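Everything numeric in this text was worked out from a predicted model, so none of it was measured. Residue numbers start at 1 and run along the sequence shown.
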Amino acid sequence: MASSTSILQPKKLSLLILNISFLFLLCLSLITTHLHSLSHHSSDLLGQSNNTNLSEIKLVDGCTNLHNLTDYESKCLYVKTQTGCRPKGYINYLQIFYCNLGKFPVLGHAAILLWLFVLFYLLGNTAANYFCSSLESLSKILKLSPTIAGVTLLSLGNGASDVFSSIVSFTRSGDGDVGLNSVLGGAFFVSSIVVGVISILISPHQISVDEASFVRDVIFFLFSLSSLLAIIVIGRINLWGAISFLAIYFVYVGTVSATQLYKRKNRELLGDRFSTSLAASKNLPVLQSFDDLGDSTSTPLLGYVDEDKPIFDMNSKASLDVHQEQNSGFSYLGTLIYILELPLYLPRRLTIPVVSEERWSKPYAVISVTLAPVLLAALCNTQRENQSSRGKLVTYMTAGLIGLVLGNLAYVTTKSWGPPKKCLFPWLVGGFFMSVAWTYIIAEELVCLLESYGNILGISPSILGLTVLAWGNSLNDLIANVAMAVNGGPDGAQIAISGCYAGPMFNTLVGVGISLVFSSWSEYPSSYVIPIDHSLYETIAFLMGGLLWALVILPKKDMKLDRYMGIGLVAIYLCFLFLRLAMLLVL
């Protein structure tokens, strides 16, 4: 018991630090806002036009002239009056940085970076603890085969943050280049750095991977990138073109399924012949299936789930329900820690229905189905522009009525000792959609923060999407895949390498594909104009170069992961990174 508690201590500590950081940022925002309102900066600034011509400022598009101003007071007035500086999310970061914390820029940078870390945690935690668990349960109820579940629901669970960040950047923020750079940057990082590190670490073990699966995944990925490059070169895409690009992934799913079905039939046929001949020679009973002999290649690489480290980590829920593990001798300290952990945990727990055995709570279940429609109504109202107050009120009242009906039904039909056994599908669908809503909200705010911070630093938001957002979303892949390859033996290496190609391909085809479908749908029957960003050509070129390097080197090494291939992949990524940094410094 003591050992398990000690293992959970780092998780508790990190979660506690995150929640305290959130409370600190909230208090800092309230205090600085109050002080700023007392100082009446805006009234004083209206009379000071020595360094700034307001009539010229208002005619400029975007926030491009922000760094032409010298003092923070002029910048504060600029971000208040310039429409291009208004946030697309829920928080006006530019106004907080220049108006509330203008005298303390170091504190402003620290607060933004801290909030960025909190948003990354929320995005990953929501996907792991709510989104993936719903997908896992839906897969069991729908009785999906491991192949279909692996290339659809499993990939969606692992790539949720990238997919929703891309959708938000296209549909909500209007900066599609941020989404493209984020997805391509994450794909490049995973297929180069992660695969390179895995190859270097397991090189002494001379572990080989399945050639057919590797070649199939890399060729499909290259074809996907070639299609995306053609779309970027053309510069526009209509609705049918976007649907065709998205359909490439379904062709990939069909190919994987057909390949596995063909292999399974061959194994069954060989098994029947082998067992029949063996029984005839030794008068032994015939085996019913060749699967009884065991075959590590019978499961698709993407469909593997490591029992020691499952993709859908149900044990991580223990860090959320910390009140069940507090020692009675430290009840007051435990209560204090529990209260401090609530800010980041409670809003999601009260709006996302959870019906797993480990986390079931009837009060939470009833409250979540009651408040979920209200949260969806608030999200819909924020997405609509120029909506009247009456329309918003009607939306909230309708959502509240639906929530009351669902809450009463949940109260009557559920038991306090365990989740419902019947009619489980509506609960799982509700949990899925609410986890999608929360992931969308967090991704929207994360993209907005990166755009605002890019304006503060004078760096293109697409650069931050290519680096910060891509690295943040790919950090879990780096940790999980490397650990799986090092500790999982040959099977673990196959799982990790397959995930390093199939996962980024899913993010590229589905994340960018759905974004293009939504964007072209809004412009239908006209075509959607692709955001102009010439750096995308360099990113795709280096990414395809890394894929071609692996495709050429690995078969020559008899599909054995060695240091030579890994060093080459890491070198390709570092060359790309240095090139982008040099171009940024020159500009």
Checklist entry - More than 12 foreign heavy atoms under 6.0 Å from OH of Tyr396: is that the case here? => result yes
Checklist entry - How are the rings of Tyr249 and Phe506 set to each other: parallel, tilted or perpendicular (split at 30° and 60°)? => result perpendicular
Checklist entry - Is there a side-chain contact between Leu122 and Leu446, using heavy atoms and a 4.5 Å cut-off? => result no
Next on the checklist: Assess the residue pair Leu344 and Tyr121 against the criterion (side chain to side chain contact (heavy atoms under 4.5 Å, CB included)); give the C-alpha distance rounded to whole Å, side-chain angles, the decisive distance to 0.1 Å, and a yes or no.
Outcome noted: CA-CA 10 Å; Leu344 297 181; Tyr121 164 78; 4.1 Å; yes
Item to check | Distance in Å, Ile514 CD1 paired with Phe245 CZ, rounded so as to fall on 0.5 Å steps | outcome: 11.5 Å
Checklist entry - What residues, two or more places apart in sequence or in another chain, satisfy side chain to side chain donor-acceptor pair (under 3.5 Å) together with Tyr93? => result Trp115, Glu445
Checklist entry - Once you round to the nearest 0.5 Å, how far does CG of Leu579 lie from OG1 of Thr539? => result 9.5 Å
Next on the checklist: Quick check: do Leu509 and Leu228 have side-chain heavy atoms less than 4.5 Å from each other?
Outcome noted: no
Checklist outcome for this item: Contacts of Phe221 meeting ring-ring contact (aromatic ring centres under 6.0 Å, His included) (sequence neighbours excluded), chain-then-number -> none
Item to check | Residue pair Gln95 / Cys76, side-chain heavy-atom distance below 4.5 Å | outcome: no
Item to check | Worked check of side chain to side chain contact (heavy atoms under 4.5 Å, CB included) between Leu516 and Leu246 | outcome: CA-CA 9 Å; Leu516 292 176; Leu246 178 62; over 6 Å; no
Checklist entry - So Met505 and Val510, side chain to side chain contact (heavy atoms under 4.5 Å, CB included) or not? Walk me through it. => result CA-CA 8 Å; Met505 180 168 56; Val510 177; over 6 Å; no
Checklist outcome for this item: Note: Val570 and Gly196 closest approach over all heavy atoms is CG2-CA, 4.2 Å
Next on the checklist: On the six-membered ring of Tyr130, is Arg349 placed so that its NZ or CZ lies under 6.0 angstrom from the centre and within 45° of the ring axis?
Outcome noted: no
Item to check | Short side-chain to backbone donor-acceptor contact, Ser435 and Phe432, under 3.5 Å | outcome: yes
Next on the checklist: Quick check on Tyr537: does its OH atom have over 12 non-hydrogen neighbours (other residues, nucleotides or ligands) under 6.0 Å away?
Outcome noted: yes
Next on the checklist: Measuring only between side-chain heavy atoms, which start at C-beta, is Leu225 closer than 4.5 Å to Leu547?
Outcome noted: yes
Checklist entry - So Leu116 and Tyr453, side chain to side chain contact (heavy atoms under 4.5 Å, CB included) or not? Walk me through it. => result CA-CA 10 Å; Leu116 179 67; Tyr453 202 43; 5.8 Å; no
Item to check | For Ala372 against Thr351, the heavy-atom pair lying closest together | outcome: CB-O, 3.6 Å
Checklist entry - When the ring planes of Phe576 and Phe188 are compared, do they come out parallel, tilted or perpendicular, using 30° and 60° as the limits? => result perpendicular
Checklist entry - Hey, does the side chain of Ser520 reach the backbone of Val517 with a donor-acceptor pair shorter than 3.5 angstrom? => result yes
Checklist outcome for this item: Distance col, row Ser224:OG vs Asn507:CG, nearest 0.5 angstrom, shows 11.5 Å
Next on the checklist: I need the minimum non-hydrogen distance between Ile441 and Leu379, along with the two atoms involved.
Outcome noted: CG1-CD1, 3.7 Å
Checklist entry - Phe97: what forms a ring-ring contact (aromatic ring centres under 6.0 Å, His included) with it, not counting sequence neighbours? => result His109
Next on the checklist: Quick one about Asn125 and Arg348 (side-chain donor to acceptor, distance below 3.5 Å, no hydrogens or angles considered), yes or no?
Outcome noted: yes
Next on the checklist: Which heavy atom of Asn129 sits nearest to which heavy atom of Arg359, and what is that distance?
Outcome noted: O-NH1, 3.0 Å
Checklist outcome for this item: Tightest non-hydrogen contact, residues Ser527 and Asn238, listed as OG-CB, 3.8 Å
Item to check | Test item: Leu184 and Val512 side chains (from C-beta on) under 4.5 Å apart, heavy atoms | outcome: no
Item to check | Residue pair Cys500 / Val194, side-chain heavy-atom distance below 4.5 Å | outcome: yes
Checklist entry - How about Val197 and Leu569: do any of their side-chain heavy atoms sit closer than 4.5 Å? => result no
Next on the checklist: Let me confirm one number: the CG-CD1 distance from Leu536 to Ile232, rounded to the nearest 0.5 Å.
Outcome noted: 4.5 Å
Item to check | Interatomic distance, Arg236 atom CZ to Glu523 atom CD [nearest 0.5 angstrom] | outcome: 10.0 Å
Checklist outcome for this item: Heavy-atom nearest pair, Pro373 first then Ala399, reads O-CB, 3.3 Å
Next on the checklist: How long is the straight-line distance from OG1 of Thr370 back to CG of Leu375, given to the nearest 0.5 Å?
Outcome noted: 13.0 Å
Item to check | Side-chain heavy atoms of Leu376 within contact of Met434, under 4.5 Å | outcome: yes
